[in-house]
2 protein chains.
Amino acid sequence: MSQTVDRALSILPLLAEGPADLGQVADRLGVHKSTALRLLRTLHEHGLVYRQSDQRYRLGARLFALAQEAMENLDVREIAHPHLARLNAACGHTVHLAVFEEGEVLYIDKVESRYPVRMYSRIGKPVAITVAAVAKLLLADLPEPERRALADKLDYPMYTARSTPNAEAFRRELAKVREQGWATDLGGHEESINCVAAPIRGADGRVVAAMSVSAPNVVVTADELLTLLPQVRRTADAISGEYSGRTPIKEAGNR
Amino acid sequence: MSQTVDRALSILPLLAEGPADLGQVADRLGVHKSTALRLLRTLHEHGLVYRQSDQRYRLGARLFALAQEAMENLDVREIAHPHLARLNAACGHTVHLAVFEEGEVLYIDKVESRYPVRMYSRIGKPVAITVAAVAKLLLADLPEPERRALADKLDYPMYTARSTPNAEAFRRELAKVREQGWATDLGGHEESINCVAAPIRGADGRVVAAMSVSAPNVVVTADELLTLLPQVRRTADAISGEYSGRTPIKEAGNR
DNA sequence: ATGGACGTTGCACATAATGCAACTCGCCTG
DNA sequence: CAGGCGAGTTGCATTATGTGCAACGTCCAT
């Protein structure tokens, strides 16, 4: 809607791929170098872009700070965290919290496994949407037309032999997940990693977030992990209660 | 340099403080509502801003993803991580990696303590620059005029009784740190937490990053923590060697 | 020295962003 | 239920703003 801003913002994902010099930026934007220069300067002033010693530009530090603050403003996250920590303390595995936003599912919190073997994931990283247990829960709750549209336009990469292969299988899986009120990912993303997930609901019953417990095969088998389901669901329900204002919030007092 | 972009970007820190509606944004930008609307729309299209159910705007998801990718492109971080992890495995305490950029010091990596009592910090969060051990190392290496200018314009909040009280004390501390080649923070930020830090240098000898080990008093005393100094320095030197290309990089092979 | 690549600046032009005023929509009030 | 308020949205005329160009500066490699 605003050409100048649009161009400026297009620089960010471009730089996310890696540092680039003025010429490259100008080319990829399809504008004159002088124009690119002015845009980069403005981005620079706001700290979103940094000029490294070799004169090339890369994404800047303020970006971290912003993402940081954005995160802290998510109230689900704030409420959920102590619960996640408690669950982690109890079972020792990696615990994730994720939300759906604009066609993406992303982790907004994580408590690391106590075990030495950990899975690779990072807060803020978009989730493998077609296979992750949390993604299934979040998508399963979308209104039907939206869900269908999304399922159709997604890619279905075969991370492993057990990955969701196509839109139809995915829709079936979502229907099942919606019915049972919880979800799993058994080696669908990484061969040796399993997850169990449960939904967190707001006052109106809509799913606002989802949480999961993940562990590699070498630590516990899928069956053993499934025995944690009741605990996961209880935790999710506790968060739901607090988030929707039904449960008075216990003062935990630490930060 | 570019008014439109400048205005648009000014919205981001504003929203970082918390969600705001159109009117508030327009007011704080000092522009007409219709203008603010168009800017917000553009930001929205790029996913930097999200419109929540109550119509108010808040920072969007793409911001996380960008910060994420920006992080992955920092080569120091990539090189340092396995070393940090190894140090953490050896001593069990929280290990941080930080860089200086445009007047701020920020954590770019962290390996959590094995002990139940952990300190509060987050990757991407700006560091308490006047007291943190890593900050001292990074600032101590700045060219004199820059260092002086920065020291003078900083605030010196008294987090605890042992915080650096003013610019002069800070300059003295930096001189000392520069001389000895390592730094500590003994309860200067949080009463019960101590840190030991060492610098990571590039091929030209300039400090490009700093790393630290932190632990609360309840786990180890300051004196005990100091006994780790040689280990910390060795780790930092190992990273320096690899970063500056002196040491052939051991293939770790995992990701 | 000399050429070339890249970043930077000043300027004239026209595009593109701005503020205004009018309109819609939902909500509260009398 | 009318009516008025507040917030968001749209079309339009005005002109401020961003744009491309061409010339200049600088650094590096030949």
(request) Note down the inter-axis angle between the two ends of the helix from C/dA1-D/dT30 to C/dG30-D/dC1, five pairs each, to the nearest 10°. (result) 30°
(request) Check the pair B/Tyr156 / B/Phe170 against ring-ring contact (aromatic ring centres under 6.0 Å, His included), numbers first and verdict last. (result) CA-CA 9 Å; B/Tyr156 291 86; B/Phe170 194 45; 5.7 Å; yes
(message) Pick the closest DNA chain C nucleotide for B/Val31 and for A/Leu37 by heavy atoms, then say which residue is nearer the 5' end.
(response) A/Leu37
(message) Strictly distance-based, threshold 3.5 Å: is any side-chain N or O of B/Asp141 a donor or acceptor partner for the main-chain N or O of B/Val207?
(response) yes
(request) Report the distance from atom NZ of B/Lys33 to atom C1' of C/dC20, rounded to the nearest whole Å. (result) 12 Å
(request) Tell me yes or no: between the side chains of B/Arg58 and B/Tyr50, is some donor less than 3.5 Å from an acceptor? (result) no
(request) Send over the distance from A/Asp27 CG to C/dC6 C1', rounded to a whole Å. (result) 12 Å
(message) Whether the side chain of A/Glu179 engages the backbone of A/Lys176 through a donor-acceptor N/O pair (distance < 3.5 Å, no angle test) should be reported.
(response) no
(request) Check whether any side-chain N or O of B/Ser240 sits under 3.5 Å from a backbone N or O of B/Arg201 as a donor-acceptor pair, and report yes or no. (result) yes
(request) Figure out the CG/P separation between B/Asp21 and C/dG26, and round it to whole Å. (result) 18 Å
(message) Rounded to whole Å, how long is the line connecting atom CG of B/Leu40 with atom C1' of C/dT18?
(response) 15 Å
(message) Taking the basic N atoms (NZ, or NE/NH1/NH2) and the acidic carboxylate oxygens, is any pair closer than 4.0 Å for B/Glu168 and B/Arg172?
(response) yes
(message) Has A/Arg171 got a side-chain atom pairing as donor or acceptor with A/Ala151's backbone, closer than 3.5 angstrom?
(response) no
(request) Let me know, please, whether A/Met1 or A/Gln55 comes out on the 5' side of the other along DNA chain C by nearest nucleotide. (result) A/Gln55
(message) Tell me whether A/Glu144 is salt-bridged to A/Arg147, with the criterion being a basic N under 4.0 Å from an acidic carboxylate O.
(response) yes
(message) Looking at B/Asp54, I want to see if its CG is surrounded by more than 12 non-hydrogen atoms of other residues, nucleotides or ligands under 6.0 Å.
(response) yes
(request) Calculate the interatomic distance between A/Arg56 atom CZ and C/dA5 atom P; express it in whole Å. (result) 19 Å
(message) Let's see if you get this right: which residues in residues 2-9 of chain B place a heavy atom under 4.0 Å from DNA chain C?
(response) B/Thr4, B/Arg7
(message) Heavy atoms from C-beta onward define the side chain here; which of D/dT9, D/dG20, C/dT8 lies closest to that of A/Thr35?
(response) D/dG20
(message) Whole angstroms only, please: what is the CG-C1' distance between B/Leu22 and C/dG26?
(response) 16 Å
(request) To the nearest 0.5 Å, tell me how far A/Leu150 CG sits from A/Ile129 CD1. (result) 5.5 Å
(request) Please work out if B/Arg51 contacts a base, only the sugar-phosphate, or nothing of the nucleic acid, heavy-atom cut-off 4.0 Å. (result) sugar-phosphate
(message) Within the 4.0 Å limit for protein heavy atoms, which parts of nucleotides 21-30 of chain D are touched? Write it as a string from 5' to 3', B for base, S for sugar-phosphate only, - for none.
(response) BB--------
(request) Using atom types as modelled and distance alone, determine if a side-chain donor or acceptor of A/Asp21 lies under 3.5 Å from a backbone N or O of A/Gly23. (result) yes
